[in-house]
There are 2 protein chains.
Amino acid sequence: MENQKRTTIYDIAKKLNLNASSVSRALNGSSNVSEKTKELILKTAKELNYRQNSIASNLRKGENRTIGVVVPRINQNFFSNVIAGIEEVTYQKGYNLIICQSNESYQREIKCVDTLINQHVSAIFLSISADFEDNEHLKSVGEHQIKLIQFDRVDDELDTFKVLCGNEEASFEAVEHLLTQGYRRIALLEGPQNLNIFRQRKKGYLSALAKHGLSLLPELIVENAWTRELGAAATEKLLALPQPPDAIFASTSDFAALGVLDVAQARGLKVPQELGIIGFSNEAFTEITQPSITTIDQFSKEIGKNVANLYFQKLSKTASSETNKIVSIRPKLIIRGSTLRNGI
Amino acid sequence: MENQKRTTIYDIAKKLNLNASSVSRALNGSSNVSEKTKELILKTAKELNYRQNSIASNLRKGENRTIGVVVPRINQNFFSNVIAGIEEVTYQKGYNLIICQSNESYQREIKCVDTLINQHVSAIFLSISADFEDNEHLKSVGEHQIKLIQFDRVDDELDTFKVLCGNEEASFEAVEHLLTQGYRRIALLEGPQNLNIFRQRKKGYLSALAKHGLSLLPELIVENAWTRELGAAATEKLLALPQPPDAIFASTSDFAALGVLDVAQARGLKVPQELGIIGFSNEAFTEITQPSITTIDQFSKEIGKNVANLYFQKLSKTASSETNKIVSIRPKLIIRGSTLRNGI
DNA sequence: GAATTTTAAGCAATCGATTGCAAGTTCTGA
DNA sequence: TCAGAACTTGCAATCGATTGCTTAAAATTC
């Protein structure tokens, strides 16, 4: 039982004294088979528990209705939602997804891409890892006739389709909101600057300050504070300054913002009166903390859908070079208790 | 450029006046090729930007180092963590994952399984959808020489490898904890009873009551309260009873528990003094609410790792029928503020 | 230097499905 | 009744890599 082979079209053909080509045609609904034999073939296929071997079919047809997705972490809220969005669209089109996670490692990202190239996927959707170094591996994707679409964390230099989140605008808007609430010494928790998204968020922060005639205070910028713990540590450091900030923009993540809130509460600092806090991503918990945390919703599922749609749109209108290569999803500032000290 | 074909071993062979078989052997590190030609082939392969076509290789070798994973929802914390755990192990072994989501739909679950069978994956790891009806599609997995491992939400009738979470014990422990804290009228928010996990959680609830000589009060059991909203609605209903409960065990999810907390706070009920609350899953936010919510950690990533390990273990010790077909991961009750009214 | 072993490389079949072309059969209409 | 159209079906090549077998060449032994 265990060792029996799967039935192939040849088995069906032999049983019916037909040729495999007719079986193939019947199963694919071709018109070149008489109704009688078609029915017979379909019946026998069911009897023998036949299933098409997609591998053989793919090889012969030279196509593979499979798309590879490479993300830093599958189980991060943002990425798992993007994947859900992608899947929603690709499923409709009859495509499968191969999911890989780079674990924020550049070497592993290269390996993932290599495997996907070998798998002959039709496209790769990718968000680069935190310790991204160089885009050779991404270039080679195109060289192998595979469409590459980058999203969120992208390499700007590479001319591919991209789906971005308006990080700079969102960041600008967040800081401006703090300013209108009367905060003046606004600190920034920034992410690794080799990632475009964190560069853009910083840019938005800087231009909001500039617009309001405030000068940049380097001591108010803390590098690499991603996590709750690092966010807390950064806050300790900031609050120990001779002139501590009156607001902290955790541009890295809501987790960092939570760390900020932890420290503020431990020190008995009133939020938002004495310290304003803004996070990034609209994680579920931001609504639940007391006070709730002002943050930025990135519409992660929408991003995923757009990535997939960009691919299929490209497929359908091959001619239209009009198609924009870059789609930007506008994030939304969600104002909550942690920054509302003057009312709206 | 766009239309050029990918280079194959034949292209390499032609360029070097060799036979494709030698190229194949060289690339696979076989000993039957001289060092000189091997080097030459490797060099030329690099020059021509050669990549193996895994599809062809898989077809010929009749194996596919790919595993299919079917989950109800990719972007649910529990499942995305399980997937991360699976990926951690399978990546080590050089296997790829094809991820499908059933979206809690039985029909779609069948489709996912069908596709994976056609893809000739070596194994399918699956957690059944909420409106599961019948296991025909799962039986057919085995008929096609594909190993099936079920996890978390499993069909008990089917004799496959399984990785389970000790739902009944955890539930029992949770209710017993409530009892030791002096709660006596304990309500249960229960999930769809066609899923084993919810049946087991209910069972644990019932046996804890029984052990302590308390009789079951049917009015304290509310069906299908999964979400925050449904949890809130259920709570409204329960609190409107002539004899309302003094504790609510949201066996469905932490989201439901959050809904309970919402209503309690809206009504000015003191938690844990007047109402005890327990959730399920240890979502990140349960630690953050005020009071924090007592809940059950399922070690989702561990579950994923165990699923994958079960598969590879099966591969390595084929003979050992000793191997247990069922692995159970013991969940852990995490006691927090929402139930601690008497101290520990 | 002849005989034998070792090594290297080529040949051809194979995995399972698809598809252009050819051959055979049935049907249509004059 | 027969030419020609319209269907059915079969044949054989193909996708790209792998592998058992054979042959040719080189290395070893006596």
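Naming convention: chains lettered A, B, ... in sequence-line order (proteins, then strands); numbering from 1 in each chain.
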Asks: Quick one: is A/S21 getting a side-chain N or O under 4.0 Å of the D/dC11 phosphate, OP1 or OP2?
Replies: no
Asks: Measure from NZ or CZ of B/K93 to the centre of the six-membered ring of B/F312 and say whether it is under 6.0 Å with the direction within 45° of the ring axis.
Replies: yes
Asks: How many Å lie between CG on A/N19 and P on D/dG10, as a whole number?
Replies: 5 Å
Asks: Measure from CD1 on B/I9 to P on D/dT19 and round the result to the nearest Å.
Replies: 11 Å
Asks: Calculate the interatomic distance between B/K5 atom NZ and D/dC15 atom C1'; express it in whole Å.
Replies: 9 Å
Asks: Any side-chain N or O of A/T37 less than 4.0 Å from the OP1 or OP2 oxygen of D/dT9?
Replies: yes
Asks: At under 4.0 Å between heavy atoms, what does A/L18 touch on the DNA or RNA strands: base, sugar-phosphate, or nothing?
Replies: sugar-phosphate
Asks: When all nucleic acid strands are considered with a 4.0 Å heavy-atom cut-off, which category describes B/N64: base, sugar-phosphate, or nothing?
Replies: nothing
Asks: Decide yes or no for B/T66 and B/S122: does some side-chain heavy atom of the first lie under 4.5 Å from some side-chain heavy atom of the second?
Replies: no
Asks: Does the cation-pi check pass for A/R108 over B/Y91, that is, NZ or CZ under 6.0 Å from the six-membered ring centre and within 45° of its axis?
Replies: yes
Asks: Write down the distance between CZ (A/R6) and P (C/dT14), rounded to a whole number of angstrom.
Replies: 21 Å
Asks: Evaluate A/D155 against A/Q150 for side-chain hydrogen bond (donor to acceptor under 3.5 Å, both in side chains), listing each step before the verdict.
Replies: CA-CA 8 Å; A/D155 176 37; A/Q150 301 188 79; 5.5 Å; no
Asks: For B/A56 and B/N32, take the nucleotide of DNA chain C holding the closest heavy atom to each; which residue's nucleotide lies nearer the 5' end?
Replies: B/N32
Asks: Specify the residue among B/A20 and B/R60 whose closest nucleotide of DNA chain C lies further upstream toward the 5′ end.
Replies: B/A20
Asks: B/S24 side chain N/O closer than 4.0 Å to the phosphate oxygens (OP1, OP2) of D/dT18?
Replies: yes
Asks: Does any N or O donor sit under 3.5 Å from an N or O acceptor when you compare the side chain of B/R25 with the base of C/dG10?
Replies: yes
Asks: Is any side-chain N or O of B/N28 closer than 4.0 Å to OP1 or OP2 of D/dT18?
Replies: yes
Asks: Between D/dA17 atom C1' and B/N58 atom CG, what is the distance in whole Å?
Replies: 10 Å
Asks: To the nearest Å, how far apart are A/K61 NZ and D/dT14 C1'?
Replies: 15 Å
Asks: Both A/Y10 and A/S34 contact DNA chain D. Which one's nearest nucleotide lies toward the 5' end?
Replies: A/S34
Asks: Roughly, in whole Å, what's the span from CG in B/L59 to P in C/dA13?
Replies: 17 Å
Asks: So what does A/N17 touch, heavy atoms closer than 4.0 Å: a base, only the sugar-phosphate, or nothing?
Replies: sugar-phosphate
Asks: Which pair of non-hydrogen atoms, one from A/D152 and one from A/C165, has the smallest distance, and what is that distance?
Replies: OD1-CB, 4.2 Å
Asks: Round to a whole Å and report the spacing from NZ of B/K38 to C1' of C/dA9.
Replies: 14 Å
